[in-house]
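Not measured: the values here are computed from a predicted model.
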Amino acid sequence: MPRTADPALVAALRADLAAADFTVDRLREVLGPVAHGALSRDQVLPAEVITRGSCDPAAILVRLFTLGDPVEAELVDRALPRLSADGVVRLGLGHWEGDALVASVDLRPYGDQAHTWWVVSDQGEAATRAPLAPDHVLGIGAASTTLAQWTPRRRVTRALDLGTGCGVQALHLSTHAAEIVATDISERALDYCALTAALNGQDWDLRAGSLLNAVQGERFELIVSNPPFVITPREAGLPTYEYRDAGGHGDAVVEHLVTGLGAHLEPGGVAQLLGNWEIATGQEWTTRVHEWARASGVDVWVVQREVQDPASYAETWVRDGGHQSGSSEFNRMYAAWLADFAARDVAAIGLGVVTLHRPTTDREPFIVLQDVRGPIATPMGPSVDRGLTARVWLAEHDDADVLATAWTAAPDVTVEHHFIPGQADPRVIRVRQGGGLRHTEEIDTAAAALLSVADGELTAGAALTAIAALLEEDAVDLTARLLPVLRSWIAAGIVT
Ligand SMILES: C[S@@+](CC[C@H](N)C(=O)[O-])C[C@H]1O[C@@H](n2cnc3c(N)ncnc32)[C@H](O)[C@@H]1O
């Protein structure tokens, strides 16, 4: 399935997929909620039971391209009348096993709230029933959707998808970017990406190259990257996987991107990426990430979403390659991971999301490092967009500007008052954000009063003067005490 695939055959496949209504909604309908749910956990059996013997074109396509089952030529011809089973072989997407066609790729519908697409990648373990190959080209995984959910969808002229793989992020970019450059070190990945693009009527600038080498001297308004961030021991004989490991030591790849991507952003441009970082014994997670942020020369906002100890991190990634717990190969790799972390005195590994923003002026860049583990808004992109706008405003305005502004409490913010039974005054007042990072904090009576009058009419300065009079406090002291609180609310989106 090279990039030079016959356009007439690709067009026939595209028309057949559309005619078969091979969409996310139809797939859910054909499989039903149980089999569909099982498939999302990489369990193919319930879907096999439901689709076996079905003549529905969408069900035949699921068997062929998602479950990896051998399918009789007659059925394939029925589901793909323009391309035909022979055409699938000529496109390099399958081979014959006797009278049955066996797909050699995974092709499945995928979409967001408003779009439906087709994505082509290598088949996963569930379809091949074998461990992944080192040059495996990943389909849509949890990390792919996490990045897609976090990406701000501002309309841009030029966007970059670094480490594009099957092209899933580029598809999302196609909804709001006029021009898309997609890079990968893997030629196989670029072949898949080209087919994904063609099937969806897209024309992307595909480039082969390692990390930032493929875009030297170029700038973009938006960069997205789900990079090969997995920290991997460099021990001879251990399998490495192109899709998750770029070959550096420790977290060097993520450091390289966090510190290097800023130079590829247009003023006002944004980069959104996923990353893992090492946390040394006795250090806060922020120590290392803060060093990267300082070296980046741009605004940096990092949200750490999870922390794993070295053993659980090792288990995750040894299993991800398809190695069974307890096997000698599993134990050898597990030990190598533990030794690698021990050699650098790594106590834990942080997993999170990084947003970079290039300031449009020569102001000091801001650095925001947050640890947020619980549930958050889905999608997060709109909140990232608003959070960046608010933080840029704060970086460019002083306290007098904050006080001269009439702030409005965001519509998703609620305030809880907790009382001891029989007492008139609340024991605890808590502000709670419904969306975004679902920020909650305990506040005092004066802060609660400030929030209650944040209706877009009264400036913060006037509100604080009135509240000070009401509480019989010194207005200057109260303002000094609540200004940092107000600034943090602006940043978090509690007030807008
Ligand atoms: C985790 S996958 C992400 C794929 C896809 N963008 C997604 O979001 O699912 C990482 C991708 O980076 C590519 N990659 C690995 N090493 C690379 C390097 N040194 N330079 C550029 N891309 C690389 C892999 O081939 C793979 O396609």
Side-chain angles (χ1 to χ4, degrees), residues 150 152 299 301 303-305 355 357 366-496:
W150 274 77
D299 296 328
W301 178 11
V303 182
Q304 178 170 272
R305 294 285 291 144
T355 308
H357 169 264
F366 64 74
I367 299 174
V368 181
L369 309 179
Q370 291 179 291
D371 188 29
V372 182
R373 308 286 176 91
I376 54 166
T378 313
M380 257 303 286
S383 304
V384 171
D385 213 348
R386 285 193 293 272
L388 271 181
T389 305
R391 289 181 166 94
V392 168
W393 189 91
L394 284 169
E396 293 174 356
H397 292 81
D398 60 17
D399 287 347
D401 294 325
V402 173
L403 292 173
T405 303
W407 299 97
T408 306
D412 63 339
V413 166
T414 50
V415 178
E416 299 166 0
H417 289 81
H418 297 261
F419 294 88
I420 302 276
Q423 291 195 357
D425 292 328
R427 173 78 181 272
V428 174
I429 310 174
R430 186 169 289 121
V431 58
R432 195 179 286 281
Q433 185 178 39
L437 291 172
R438 302 226 177 133
H439 178 77
T440 64
E441 76 183 59
E442 225 174 274
I443 56 175
D444 64 14
T445 313
L450 180 61
L451 196 55
S452 71
V453 296
D455 59 0
E457 301 267 311
L458 199 61
T459 66
L464 286 165
T465 305
I467 293 165
L470 206 68
L471 298 177
E472 296 176 0
E473 274 196 51
D474 181 76
V476 175
D477 288 351
L478 184 78
T479 301
R481 183 159 64 80
L482 287 192
L483 249 173
V485 176
L486 181 54
R487 278 188 164 269
S488 75
W489 287 351
I490 298 165
I494 302 285
V495 295
T496 59

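For the pair A409 and V495, the tightest heavy-atom approach, listed with the atom from each and the gap, is CA-CG1, 4.1 Å. Of all the heavy atoms in F366 and V392, the pair that sits closest is CE2-N, 3.9 Å. Between A449 and I467 the shortest heavy-atom distance is C-CD1, 3.7 Å. The two residues E416 and R432 have their closest heavy-atom pair at OE2-NE, 2.6 Å. Smallest separation of non-hydrogen atoms from Q370 and L437: OE1-CD1, 3.4 Å. Minimum heavy-atom separation, G493 to A410: O-CB, 3.2 Å.
Put simply, the side chain of D399 reaches to within 4.5 Å of the side chain of R487, judged on heavy atoms. At least one side-chain heavy atom of W301 sits less than 4.5 Å from a side-chain heavy atom of R391. Residues T408 and E457 are not in side-chain contact: their nearest non-hydrogen atoms beyond the backbone lie 4.5 Å or more apart. When side chains are defined from C-beta on, V476 does not count as touching T479, because their heavy atoms never get closer than 4.5 Å. Contact check for L451 versus V413: side-chain heavy atoms found under the 4.5 Å cut-off. Within the 4.5 Å cutoff, side-chain heavy atoms of L450 are placed close to those of W489. Residues L486 and I490 form a side-chain contact, since some pair of their non-hydrogen atoms from C-beta on lies under 4.5 Å apart. Between T459 and T405 the shortest side-chain heavy-atom distance does not fall below 4.5 Å.
Proximity of a side-chain donor or acceptor of Q433 to a complementary backbone N or O of A492 within less than 3.5 Å is detected. Proximity of a side-chain donor or acceptor of Q304 to a complementary backbone N or O of D371 within less than 3.5 Å is not detected. Under a 3.5 Å cut-off, the side chain of D477 and the backbone N or O of D474 do not form any donor-acceptor pair. Under a 3.5 Å cut-off, the side chain of R430 and the backbone N or O of T440 do not form any donor-acceptor pair.
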Problem set entry | I376 vs W150, side chain to side chain contact (heavy atoms under 4.5 Å, CB included): CA-CA, chis, key distance, verdict | CA-CA 11 Å; I376 54 166; W150 274 77; 3.4 Å; yes
For this session: List the steps and the verdict of side chain to side chain contact (heavy atoms under 4.5 Å, CB included) for E442 and V428.
Result: CA-CA 7 Å; E442 225 174 274; V428 174; 3.5 Å; yes
For this session: Assess whether salt bridge (charged side-chain N to carboxylate O under 4.0 Å, His left out) is satisfied between R481 and D444, documenting all intermediate values.
Result: CA-CA 11 Å; R481 183 159 64 80; D444 64 14; 2.5 Å; yes
Problem set entry | Chi angles and distances behind the side chain to side chain contact (heavy atoms under 4.5 Å, CB included) call for E441, V485 | CA-CA 10 Å; E441 76 183 59; V485 176; 4.2 Å; yes
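The number of heavy-atom neighbours closer than 6.0 Å to CZ of R373, taken from other residues, nucleotides and ligands shown, is above 12.
Using bins of under 30°, 30° to 60° and over 60° for the plane-to-plane angle, the ring pair W393/W407 lands in the perpendicular bin.
For the atom pair CG (L388) and CG (D299), the distance works out to 7.5 Å, reported to the nearest 0.5 Å. From L478, atom CG reaches atom CD of E473 across 5.0 Å, with rounding to the nearest 0.5 Å. Atom CE in M380 sits 10.5 Å away from atom CG in D385 (nearest 0.5 Å).
Salt-bridge formation is not detected for the pair D412/R438: no Lys NZ or Arg NE/NH1/NH2 atom is positioned less than 4.0 Å from an Asp or Glu carboxylate oxygen.
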